J.: 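Below you'll find the structure I mean.
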Amino acid sequence: MEKTVRVRFAPSPTGALHIGGVRTALFNYLFAKKHHGQFLIRIEDTDQTRFVPGAEEYILKALAWCGIIADESPAVGGPCAPYRQSERKAMYAQYAYRMIEEGNAYYAFDTEQELEEMRERLKAARVASPQYNAVTRMQMKNSLTLPEEEVKERLASGAPYVIRVKMPRKDEVRLNDLVRGWVVVHTSTLDDKVLLKSDGMPTYHLANVVDDYLMKITHVIRGEEWLPSAPLHVLLYKYLGWEAQMPQFAHLPLLLKPDGNGKLSKRDGDRLGFPVFPLNWQDPFKPEDNASGYKEAGYFPDAFINFLALLGWNPGTTQEIFSMQELIEAFSIERINKAGIKFDIDKARWYNQQYLKHKDEAELATYLLGELSKHKVECSVEKAQKIVRLMKERAVFLSDIWSEAQYLFFSPKDYDEKAAAKWSSEAASVLAEYAKDLSAHSGSIDAEKAKQLLHDRTEQMQIKIGKIMPALRLALTGRAAGPDLMDIIMLLGADEAASRIQAALLHLKVAV
RNA sequence: GCGCCGUUCGUCUAGGGGUUAGGACACCACCCUUUCACGGUGGUAACACGGGUUCGAUUCCCGUACGGCGUACCA
């Protein structure tokens with residue numbers, strides 16, 4: 001009988017949740033749901049110096065916006081509560097002590113300065129890997145080098161210490177990563193990582209292993225930046241006697257900068273003009289860390305998720321559009337790629353456009369109505385729906401609908417320069433007559449009628465209808481492009497259309 | 001530096017010992033159209049390099065190059 005799948009997303013509350021973190025959460029979620037297991041959120045706040053107020057709320061809110069809901073979390077609780085490592089502080093030390101008793105860890109008393117000196121010394125001696133390890137630890141101040149009496153005294157006096165893992169000098173650790181296959185590392189290349197810090201808090205390495213064990217995690221799905229320390233974690237499971245319960249590992253490829261080198265960062269977003277976070281973020285300490293989010297940029301959560309899901313994973317078919325449910329059904333770890341992914345915002349835009357196109361018109365109309373009431377403009381639901389139908393096929397974002405629709409409510413203040421340059425006296429003369437036709441018609445007018453009037457007019461004046469269309473658009477909207485003009489006249493009404501033409505005639509006369 | 005991981009069109013990717021190397025985004029052209037967009041059709045464009053193994057390698061192995069990550073009492 002297979003164990004119930006239990007996976008976790010374990011962010012640390014140091015700021016906004018990066019898009020890469022969202023993807024990691026998503027893959028965990030998809031995997032859990034696919035196997036009818038549980039997805040939990042655990043807050044890794046063991047570094048109190050990096051704690052940022054509001055970050056945890058942000059993370060939870062961001063995931064909720066994405067539709068990633070946890071079965072267990074600090075917010076909803078669960079059988080393994082608490083889900084904040086700071087609240088689990090008392091649980092970790094015992095495991096570190098156990099490792100000391102069994103000879104797999106030791107106390108270390110070195111000061112920061114002494115550690116610094118050691119690194120300098122090793123660097124000067126051109127040591128290949130300057131670290132606190134099986135050979136260098138014998139020159140440091142720890143329970144392996146100090147007389148037993150002195151160790152006892154130091155501990156009794158309350159002197160600060162850390163607990164470090166005693167990395168074997170000559171051994172091999174192997175782990176079978178679900179994405180990468182067998183990874184073999186020699187312990188001689190690993191160092192004596194700190195397990196328990198001098199403030200009594202565990203480091204990530206200890207906390208994550210202890211909690212994953214206690215929370216019965218079956219699969220650890222996390223970013224590739226953890227791959228180098230995975231062998232240490234494997235060793236910890238062994239030392240703690242939990243080998244049989246050790247979760248399987250899957251290390252995800254990283255999201256990389258669109259250009260240049262390195263991981264995708266906040267700076268890339270600022271520089272290239274796209275969000276790197278799901279939601280807007282206001283940093284309580286550093287205003288320069290404020291960031292814009294996909295939500296506020298007008299992306300739909302389902303489009304955003306769809307886009308993210310196909311970064312480093314693919315279904316093996318040509319299907320591109322997936323609902324969350326479809327993603328759950330299609331997802332498998334075997335189809336996760338190994339190579340890093342250069343981030344491409346164009347694909348995200350395309351996804352958003354696809355989703356916008358298929359959005360319910362009533363929903364879009366509600367949005368438009370909301371924007372309108374913000375600007376104190378009256379508009380009926382029916383009219384809003386008509387507008388939405390017109391605007392949505394050339395929109396990528398929700399906000400495009402509003403910015404495009406504005407000229408239906410406010411007459412143009414200025415005119416597109418390129419289009420204005422093509423303004424001809426010929427078109428102007430037709431338009432002057434057409435405005436009169438519209439005025440004569442007065443009141444509401446349908447697109448058919450508007451077209452009929454224009455048709456008659458151009459016929460009578462013997463001018464091709466195509467010649468004056470751009471001018472008409474310019475007069476009516478101030479723009480060079482947009483939806484069908486007759487529909488626009490219908491929406492505007494005959495009188496408003498006529499007066500806009502008059503205004504344009506006046507305004508653009510100079511430019512002739 | 002050292003360790004680990006990676007490398008198919010510009011980007012995301014499918015594929016895998018014998019294929020016209022497939023799809024999507026972006027780009028270009030044409031069609032549709034009053035314009036823009038949508039839509040449709042078509043197009044440009046890729047197996048990093050060098051050695052093996054093999055009848056045959058883009059696919060398997062080894063190097064090299066390039067890239068990524070790690071190398072904290074950060075996660």
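Everything numeric here is computed off the predicted structure, so don't read it as measured data. Lettering follows sequence order; numbering is per chain, from 1. The basis for the numbers below is simple: all heavy atoms, side chains too, and nothing from hydrogens, waters or symmetry mates.
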J.: For the pair made of OH in A:Tyr132 and P in B:C2, what is the distance, rounded to whole Å?
T.: 25 Å
J.: Just the rounded figure in Å: distance from C1' of B:A75 to CD of A:Glu224.
T.: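 Answer to the nearest Å: 16 Å.
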J.: With sugar-phosphate meaning primed atoms plus P, OP1 and OP2, does A:Val162 contact a base, only sugar-phosphate, or nothing at under 4.0 Å between heavy atoms?
T.: base
J.: Rounding to the closest angstrom, what is the interatomic distance between B:G43 and B:C2 at atom C1'?
T.: 49 Å
J.: Give the rounded distance in Å between these two atoms: CZ of A:Arg389 and C1' of B:A37.
T.: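 These atoms are roughly 18 Å apart.
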J.: Which whole-number value in Å describes the distance from A:Lys467 NZ to B:U33 P?
T.: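 To the nearest whole Å, that distance equals 20 Å.
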J.: Using a heavy-atom cut-off of 4.0 Å across all strands, would you classify A:Asp177 as base, sugar-phosphate, or nothing?
T.: nothing
J.: If you measure only the distance, is there a donor-acceptor pair under 3.5 Å linking the side chains of A:Tyr83 and A:Asp211?
T.: no
J.: Can you name the nearest heavy-atom pair linking A:His205 to A:Ser229, along with the distance?
T.: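 Heavy atoms of A:His205 and A:Ser229 come nearest at NE2-CB, 3.7 Å.
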J.: How is A:Gly262 classified with respect to the nucleic acid when contacts are heavy atoms under 4.0 Å: base, sugar-phosphate, or nothing?
T.: sugar-phosphate
J.: Closest nucleotide of RNA chain B for A:Asp47 versus for A:Lys338: which of these residues is on the 5' side?
T.: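 Looking at the nearest nucleotide for each, A:Lys338 comes out on the 5' side.
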J.: Is it true that atom CD of A:Gln94 has more than 12 heavy atoms of other residues, nucleotides or ligands lying nearer than 6.0 Å?
T.: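 Atom CD in A:Gln94 is crowded, with more than 12 foreign heavy atoms closer than 6.0 Å.
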J.: Under 4.0 Å, counting only non-hydrogen atoms across every strand here, what does A:Gly316 touch: a base, just sugar-phosphate, or nothing?
T.: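 Since no nucleic acid heavy atom lies under 4.0 Å of A:Gly316, the category is nothing.
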J.: Please list all pairs meeting ring pair (Phe, Tyr, Trp, His ring centres under 6.0 Å) that have one or both residues in residues 160-199 of chain A, counting only residues at least two apart or in different chains.
T.: A:Tyr107-A:Tyr161
J.: For A:Arg222, answer base if it contacts any base atom (sugar-phosphate contacts may also be present), sugar-phosphate if it contacts only those atoms, and nothing otherwise; contact means non-hydrogen atoms under 4.0 Å.
T.: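 The answer is nothing, as A:Arg222 stays clear of every strand by at least 4.0 Å.
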J.: If I pick the P atom on B:G50 and the same atom on B:A57, what distance separates them, to the nearest angstrom?
T.: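 That atom pair is separated by 13 Å.
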J.: Say we look at B:G39 and B:G70: how far apart would their P atoms be, to the nearest angstrom?
T.: 40 Å
J.: Answer yes or no: is there an ion pair linking A:Asp289 with A:Lys266, defined by an N-O contact shorter than 4.0 Å?
T.: no
J.: Please list each protein N or O that sits under 3.5 Å from an N or O in nucleotides 42-50 of chain B, with the distance.
T.:
none

J.: Could you check whether the side chain of A:Ser198 and the base of B:C73 have a donor-acceptor pair of N or O atoms closer than 3.5 Å, going by distance alone?
T.: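 Counting by modelled atom types and ignoring angles, a donor-acceptor contact under 3.5 Å is found here.
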J.: With a non-hydrogen cut-off below 4.0 angstrom, is A:Arg126 in contact with a base, only sugar-phosphate, or nothing?
T.: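 The residue A:Arg126 makes no contact with any strand.
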J.: Compute both the distance and the angle, then confirm whether A:Arg23 meets the cation-pi test with A:Phe27: under 6.0 Å from the six-membered ring centre, within 45 degrees of the axis.
T.: yes
J.: Check the distance between B:A24's C1' and A:Ile345's CD1 and give it to me in whole angstrom.
T.: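 These atoms are roughly 16 Å apart.
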J.: For A:Arg180 and for A:Trp226, locate the closest nucleotide of RNA chain B by heavy-atom distance; then report the residue assigned to the nucleotide nearer the 5' terminus.
T.: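 Between the two, 5'-proximity favours A:Arg180.
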J.: Quiz question: by atom type and distance under 3.5 Å, do the side chains of A:Arg457 and A:Gln460 form a donor-acceptor pair?
T.: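 Distance-only check passes for A:Arg457 and A:Gln460.
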J.: Give A:Ile341 one of three labels, base, sugar-phosphate or nothing, depending on what nucleic acid heavy atoms sit under 4.0 Å from its own.
T.: sugar-phosphate
J.: With a non-hydrogen cut-off below 4.0 angstrom, is A:Asp400 in contact with a base, only sugar-phosphate, or nothing?
T.: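 Nothing, no nucleic acid heavy atom in range.
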J.: Calculate the interatomic distance between A:Glu320 atom CD and B:G22 atom C1'; express it in whole Å.
T.: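 Rounding to the nearest Å, CD of A:Glu320 and C1' of B:G22 are 13 Å apart.
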J.: How far does the C1' atom of B:A21 sit from the matching atom of B:C9, given to the nearest Å?
T.: 11 Å
J.: Give a yes/no answer on whether the side chain of A:Lys342 brings an N or O atom under 4.0 Å of OP1 or OP2 in B:A26.
T.: no
J.: Sticking with atom P, work out how far B:C25 lies from B:G42, rounded to a whole angstrom.
T.: 14 Å
J.: Can we say A:Arg394 and A:Glu404 salt-bridge, meaning some charged N sits less than 4.0 Å from an Asp/Glu carboxylate O?
T.: no
J.: Would you say the side chain of A:Lys347 and the base of B:A26 hold a donor-acceptor pair, judged only by whether the two atoms sit under 3.5 Å apart?
T.: no
J.: Just to be sure I understand the rule, does A:Ala339 reach a base, reach only the sugar-phosphate, or reach nothing, if contact means heavy atoms closer than 4.0 Å?
T.: sugar-phosphate
